[in-house]
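Input: a single structure, listed below in structure tokens.
No experiment lies behind these values; they were computed from the predicted model shown.
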Amino acid sequence: MASGGTTKVEICEPTEQPSASPEALEFMSSVGLDELRLCQFPESLQSLSDSFVELGSFTASVQSTYYEQDGPEDQQCLLVHISSQSTVDDVPCGSAITAYISIQLETLEQHHHEFVKLKGHSLDKKTHMRRRGDQMVISRVITEGQVSGEE
């Protein structure tokens with residue numbers, strides 16, 4: 001953690017790629033736009049205590065959109081958004097993920113935000129991933145209390 005200074009690290013080196021079985025590759029190649037359209041939905045849930053006091057919420061949605069690229073045409077993709085917020089023992093916390101996923105089910109860009117607000121010691125983490133060519137650039141900001149550090 002940084003205590004006043006800021007450090008930023010971008011990871012651009014390719015890592016060893018996991019391999020898929022031939023059956024998995026065959027299945028993934030058979031998934032088309034018609035099947036992906038069946039996966040689009042919005043959903044929302046509320047959690048309540050036994051005395052019907054709201055404790056938190058959860059939302060999820062998948063929808064078709066276009067992802068802005070550096071080239072002349074935007075890429076058709078899926079926008080996935082998931083978030084949850086709750087209070088546990090009077091401590092607010094939550095998480096949100098927003099991702100652009102290609103029709104080939106590859107992550108194009110993803111934002112992830114988590115937080116916990118403890119009295120005197122809050123924690124906030126934000127991670128951003130973006131595909132650049134065949135590499136993924138990742139940046140992360142972690143804030144504890146009023147101290148911020150970037151990785």
Which distance, rounded to the nearest 0.5 Å, do you find between the CE of M136 and the CD of E106? 8.5 Å

What donor-acceptor contacts under 3.5 angstrom involve side-chain atoms of residues 73-94, with partners at least two apart or in another chain?
{"unit_1": "H81", "atom_1": "ND1", "unit_2": "T98", "atom_2": "OG1", "d": "2.8"}
{"unit_1": "S83", "atom_1": "OG", "unit_2": "T59", "atom_2": "OG1", "d": "2.7"}

H112 side, atom NE2; I97 side, atom CD1 - distance, nearest 0.5 Å: 4.0 Å

Using side-chain contact (heavy atoms from CB on, under 4.5 Å) as the criterion, list what pairs up with H113, not counting sequence neighbours. F115, D124, K126

Indicate every side-chain donor-acceptor pair of residues 24-31 with a distance under 3.5 Å to a residue at least two apart or in another chain.
{"unit_1": "S29", "atom_1": "OG", "unit_2": "L25", "atom_2": "O", "d": "3.3"}
{"unit_1": "S29", "atom_1": "OG", "unit_2": "E26", "atom_2": "O", "d": "2.8"}
{"unit_1": "S30", "atom_1": "OG", "unit_2": "F27", "atom_2": "O", "d": "2.6"}

Would you say L36 and V62 make side-chain contact, with heavy atoms under 4.5 Å? no

Output for pair (S21 OG, E23 CD), nearest 0.5 Å, gives 4.5 Å

I'd like to know if the side chain of Q135 and the backbone of R132 have a donor-acceptor N/O pair within less than 3.5 Å. no

Roughly how far apart are L108 CG and E68 CD, rounded to 0.5 Å? 12.5 Å

Please list, chain by chain and in numerical order, all residues satisfying side chain to side chain donor-acceptor pair (under 3.5 Å) with E109, sequence neighbours excluded. Y67, H111, H128, R130

Which distance, rounded to the nearest 0.5 Å, do you find between the CD1 of I103 and the CG of L33? 5.0 Å

Whether Q46 side chain and E54 backbone form a donor-acceptor pair below 3.5 Å: no

What heavy-atom pair brings S122 and K117 nearest, and what distance separates the two atoms? CB-CA, 4.0 Å

Would a single hydrophobic cluster contain both F41 and L105, if residues Ile, Leu, Val, Met, Phe, Trp and Tyr are joined by side-chain heavy-atom contacts under 4.5 Å? yes

Return the CD to NZ distance between E144 and K125, rounded to the nearest 0.5 Å. 8.5 Å

Looking at residues at least two apart in the chain, or sitting in another chain, which of them share a side-chain contact (heavy atoms from CB on, under 4.5 Å) with S19? none

Salt bridge (charged side-chain N to carboxylate O under 4.0 Å, His left out) filter on D34, not counting sequence neighbours, yields R37

